[in-house]
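In what follows, every chain begins at residue 1, and chains take the letters A, B, ... in the order their sequences are listed. Only heavy atoms go into these numbers, but all of them, side chains included; no hydrogens, no water, no symmetry mates.
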Amino acid sequence: MTALLEIRNLTVQYGRINALTDVDIDVSEGEIVSIIGPNGAGKTSLLSTIAGVVPAAGGTITFRGEDILRLPLEESVRKGIALVPEGRHVLPGLTVLENLRLGATIRSDTPEVRRDIERFLDAFPILRERRNEPAGRLSGGEQQMLVIARALMSRPRLLMLDEPSLGLGPQIVDKVYDMISDTRDQGVTILVVEQNARRALAVADRTHVLNGGIIRLSGTAETLSGDPDFEAAYFGLRSVADG
Amino acid sequence: MGSAFIPIMIDAFSVGGLYALTALGIGLIFSVMRLANFAHAEFVTVPAYALFVLSDHPVVVSISAAVLVAVVLALVTERAAFRPLRGIDPATMLIASFAVSMFIQRLLVFAFDSRIKPVNPLAVLDGSVALFGAQVNLLKLTTVITCLVLLIALTVFLKYTRFGLEMRAAAEDFTMSRLLGVRANRVIATAFVLSALLAAVVAVLFSAQTGFVHPRFGLQIVIIAFVATVIGGLGNLLGAAVGGFLVGVVSTLLQALLPPDLRPFREAFVFLLVILVLLFRPQGLFPARGLKERI
């Protein structure tokens with residue numbers, strides 16, 4: 001398999017504290033890779049660094065064979081990387097339609113953009129119904145659908161999702177994860193970060209357990225759940241409520 | 001009453017309109033980069049000096065030059081002074097804008113000395129016209145109409161163009177907008193250009209009303225406009241426009257309606273109202289959503 005995203009020895013520091021230490025991750029074309037770990041494990045730092053929001057202190061990030069480590073953050077989406085950040089971040093005062101349109105900022109094929117918007121509005125009737133309302137008025141689940149759709153409007157090669165189930169009820173989480181699977185079926189590679197370990201394990205082809213900024217364990221759902229070290233690696237695993 | 005009422009209202013609207021445009025110019029930059037740009041004063045003063053320097057040329061030439069000078073000045077200050085500070089805390093940027101403001105002001109004193117210089121860019125508009133049976137000053141009427149047209153044009157730009165959408169997005173959540181591909185430099189440069197265009201128009205109309213320019217020409221109007229943006233709700237463009245308009249209208253009406261011995265204290269009454277508004281609405285009349293950071 002060819003690696004779409006290749007991360008080597010990635011180290012990220014906030015002041016003198018290491019958020020990530022020597023992280024190696026490969027994501028191949030068409031895969032779903034998940035990163036699980038407790039709060040503060042460095043999951044958000046990882047995605048933020050790939051997207052260019054946070055600078056790296058060391059290491060390399062290669063996307064489709066190109067070094068993207070020092071790319072300004074508005075360029076990563078142009079390379080084909082879309083990030084759905086933690087906390088959703090709809091543009092609350094802009095309408096649902098305007099949010100979707102902004103997702104296509106990097107595209108100039110207006111008729112195609114319009115068709116894509118129609119497709120998402122068909123897939124999510126609630127978004128169609130509320131298309132001219134400010135996105136801030138949508139419920140949490142609706143906002144999550146909107147920001148995933150918005151990210152897909154850029155037609156990314158790699159979709160990165162940061163805690164997509166956070167704060168959502170179980171049925172909504174099901175819908176979000178259905179949407180993630182569908183997206184992969186359409187050929188988009190996915191890197192998802194979760195505290196919700198069970199869910200992220202189930203959806204992913206491969207999972208890395210991140211804790212204290214270090215990859216502790218890697219494998220598939222089967223190998224990891226059978227691994228006696230799994231809980232220790234996850235550390236504060238608590239019984240993470242599924243949704 | 002009717003014949004006195006209309007000119008007073010046109011007068012009030014023309015002052016309100018100028019404050020609204022100035023407050024909008026400040027608000028546009030504030031909303032995208034949280035910079036309270038004190039140097040907006042010089043974005044008004046410098047084009048007014050351009051009008052003075054080119055006063056022997058046809059009106060079209062001097063006004064075009066004034067607009068061009070304002071835009072270039074805005075882009076240069078953005079590039080030289082504010083871009084290196086981008087993302088730094090708003091207080092530091094505010095101080096930097098004081099520095100830019102002082103620097104340009106001193107430069108003007110150096111180049112032109114600090115005495116007032118006569119300008120009359122819109123001499124063609126001297127005189128008055130009949131409106132609903134009242135005589136109305138043509139310049140003031142033009143000011144009202146120009147302000148209205150610009151407000152509508154700006155609204156259309158922000159609401160219906162791609163650039164405008166990007167600017168509104170950046171105003172709501174700058175980092176998220178950049179993640180979606182909105183180019184920070186372009187959005188900020190656009191904000192500065194729009195701000196400068198508004199400032200140049202204010203320079204033309206305001207200098208036509210006062211008839212002279214001096215190094216602190218823009219400052220007098222910008223200080224009031226700052227107050228107006230605070231009343232309206234910092235970071236909210238509608239609020240800035242309404243706040244500017246209200247302050248202008250109220251101060252003009254006070255000038256017209258206060259008993260003559262109280263008129264010198266007009267500003268005191270204006271600021272009394274400002275204090276009252278802020279006591280009851282500390283966030284301003286239209287609080288900005290973007291300022292309550294969402295985590």
Practice task
Mind ranking B:Asp173, B:Leu179, B:Leu180, B:Thr175 by heavy-atom pairs under 4.5 Å with chain A and telling me who comes out on top?
Solution key: B:Leu180
Practice task
Considering only heavy atoms and a distance below 4.5 Å, find which of A:Asn99, A:Val77, A:Leu91 pairs most often with chain B.
Solution key: A:Leu91
Problem - Parallel, tilted or perpendicular: rings of B:Phe245 and B:Phe13 (30°, 60°) - result: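 Geometry flag for B:Phe245 against B:Phe13: tilted rings.
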Exercise for the section: Take the angle between the ring planes of B:Phe38 and B:Phe98 and call it parallel below 30°, perpendicular above 60°, tilted in between. Expected result: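 It falls in the tilted class, 30° to 60°.
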Problem - Option from A:Val33, A:Ile190, A:Leu4 for which side chain to side chain contact (heavy atoms under 4.5 Å, CB included) with A:Leu158 holds - result: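 Filter result, single survivor: A:Leu4.
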Handout entry: By side-chain hydrogen bond (donor to acceptor under 3.5 Å, both in side chains) - contacts of B:Thr143 (at least two apart)
Key = B:Gln209
Exercise for the section: Can you check whether anything in residues 46-60 of chain A gets within less than 4.5 Å of chain B, heavy-atom wise, and list it by number? Expected result: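 At a heavy-atom separation under 4.5 Å, chain B is reached by A:Ala51, A:Val53.
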Practice task
Using only heavy-atom distances, determine whether the side chains of A:Glu194 and A:Ser165 contain a donor-acceptor pair under 3.5 Å.
Solution key: yes
Problem - Residue pair B:Ser251 / B:Tyr19, side-chain donor-acceptor N/O under 3.5 Å - result: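 The answer is no; no qualifying pair exists.
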Exercise for the section: To the nearest 0.5 Å, tell me how far A:Gln143 CD sits from A:Leu168 CG. Expected result: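 Rounded to the nearest 0.5 Å, the CD-CG separation comes to 9.5 Å.
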